[in-house]
Amino acid sequence: MTEGDDERAPEKAHEAQSRLLHSEKLASLGMLIAGIAHEINTPIGAVRSMHETSARAVSKLREALERELPDYRSRPKLERMLTIIEDANRVASDGSARIIDIVRRVRSFARLDQTSLQTVQLEDGLEDTLTLVHHELKHSVKVHREFAPLPPVDCYPGRLNQVFLNLVMNARQAMGPGGEIFIRTFVDTGDACVEIRDTGTGIPHDNLPKIFEAGFTTKGDGVGTGLGLSIVKNIVDEHRGRIDVDSTMGVGTIFTVRIPLDLAERIAAEEDAVDPLDSSEVHEPAEDA
């Protein structure tokens, strides 16, 4: 071990400890989110069921009125009351469908502790992420989706969701009201690529080489921990991928995440390369003459 390695040992240990702590927090967060989603799912299922019952009842009521009171549509008060109930049912249907979709996406996002590769569509992870932070974006930031068709990707989806979440929230924090985030997907030279571009303040050129270092932050006390982009880089490296950044002060920043489409094959090849010593190379000691 060199003198430089000795000097960096405490720093590396601190970084490893920080990442372990963050992983434990993610696992706890995943359990918490999954539990909340489950608790929401039960009552919204009852609301959905009662809405469907109400809608059927109004439909049967109209059929009965057609038989018993053929001219009922000419009675403004009666028709207005039925229309109000039908409109309320449509609102309930749209609202419950929206909640069910949010719960589904939140539960999907919450799978942060997966340890095996999953084959997924990266666009689904991006939508899950945008659903989770919708309340942070809806009033002040416009999100543009430019999703080109991507092939299914082998990855650790929960961890990639954390990458997307950090990058989207960084983009949000770099902009004031009226900002825009552009999320684009495309395939390039064997990689599935996700580009997240914002119209924020940009990153000073001198800071670009340091943004992925653990502990580095420009957000000030109480705002940033300096671990977000370090963790992003660690997750992308775990996927044998790459993350590029390009930024112009006063114009905005572009992060591009590249995940190889042959990740499963790469991991399998790496595991095969670490074979135990071939038995044919183990020789019995020679007998004494």
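We're numbering straight along the sequence, starting at 1.
A pairwise comparison of heavy atoms in D188 and R258 identifies OD2-NH2, 2.5 Å as the closest pair. Of all the heavy atoms in A264 and L117, the pair that sits closest is CA-CD1, 3.9 Å. Annotation for L122 and F164: closest pair O-CE1, 4.3 Å, computed over non-hydrogen atoms. Closest of all the heavy-atom pairs between T256 and C193 is CG2-CB, 4.5 Å. Across T185 and F147, no two heavy atoms sit closer than the pair OG1-CA, 3.2 Å. Considering every non-hydrogen atom in both Q121 and P152, the closest pair reads OE1-CG, 3.3 Å.
In this structure, the side chains of T83 and R80 stay at 4.5 Å or more apart for every pair of heavy atoms. For the pair T253 and D246, the minimum side-chain heavy-atom distance is 4.5 Å or more. Between V245 and L229 the shortest side-chain heavy-atom distance does not fall below 4.5 Å. Two residues are said to be in side-chain contact when any heavy atoms from C-beta on lie closer than 4.5 Å; L130 and L137 meet this criterion. The closest side-chain heavy-atom distance from N161 to V163 is not below 4.5 Å. With contacts defined as side-chain heavy-atom distances shorter than 4.5 Å, the pair R240/I267 qualifies. Residues I85 and D87 are not in side-chain contact: their nearest non-hydrogen atoms beyond the backbone lie 4.5 Å or more apart. You'll find the side chain of I235 reaches within 4.5 Å of the side chain of Q162, heavy atoms only.
Using a 4.0 Å cut-off between charged side-chain N and carboxylate O, D237 and K233 make a salt bridge. The pair R197-E180 does not count as a salt bridge, with every side-chain nitrogen at least 4.0 angstrom from each carboxylate oxygen. Look at E79 and R62 and you find a salt bridge, because one of the NZ, NE, NH1 or NH2 atoms lies within 4.0 Å of a carboxylate O, short of that distance. Between E123 and R145 no salt bridge is recorded (no basic side-chain N to carboxylate O distance below 4.0 Å).
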(request) Dump the intermediate steps for side chain to side chain contact (heavy atoms under 4.5 Å, CB included) on D262 and D154, then the final yes or no. (result) CA-CA 8 Å; D262 61 346; D154 293 323; over 6 Å; no
(message) Run the side chain to side chain contact (heavy atoms under 4.5 Å, CB included) test on T199 and V251 for me, step by step, so that the C-alpha distance in whole Å, both residues' side-chain angles and the decisive distance to 0.1 Å come before the verdict.
(response) CA-CA 6 Å; T199 58; V251 176; over 6 Å; no
(request) Verify side chain to side chain contact (heavy atoms under 4.5 Å, CB included) between S247 and L208, making sure each step is shown before the conclusion. (result) CA-CA 8 Å; S247 188; L208 285 176; 4.2 Å; yes
(message) Pair M175, I181 - check side chain to side chain contact (heavy atoms under 4.5 Å, CB included), show working.
(response) CA-CA 9 Å; M175 298 182 294; I181 298 176; 3.4 Å; yes
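V232 and M169 fall within a single hydrophobic cluster, where Ile, Leu, Val, Met, Phe, Trp and Tyr are joined by side-chain heavy atoms under 4.5 Å apart, directly or via other members. Cluster membership check: V187 shares its hydrophobic cluster with V257, using side-chain heavy-atom separations under 4.5 Å among Ile, Leu, Val, Met, Phe, Trp and Tyr. One hydrophobic cluster, built from ILVMFWY side chains closer than 4.5 Å, holds both I99 and V47. Hydrophobic clustering (side-chain heavy atoms under 4.5 Å, transitive across Ile, Leu, Val, Met, Phe, Trp, Tyr) keeps I254 apart from I203. A single hydrophobic cluster is not seen to contain both F186 and V194; linkage of ILVMFWY side chains at heavy-atom distances under 4.5 Å, directly or through other members, places them apart.
The backbone N or O of C155 sits nowhere less than 3.5 Å from a side-chain atom of H239 that would complete a donor-acceptor pair. Judged by distance alone, the side chain of H51 and the main-chain N or O of N89 form a donor-acceptor pair under 3.5 Å.
F182 and H144 have parallel rings, their planes meeting at less than 30° on a 0 to 90° scale where 60° marks the start of perpendicular.
Considering L150, D191, L160 in turn, L160 is the only one that fulfils the side-chain contact (heavy atoms from CB on, under 4.5 Å) rule with I259.
Other residues, nucleotides and ligands contribute only 12 or fewer heavy atoms inside 6.0 Å of the CE atom of M50.
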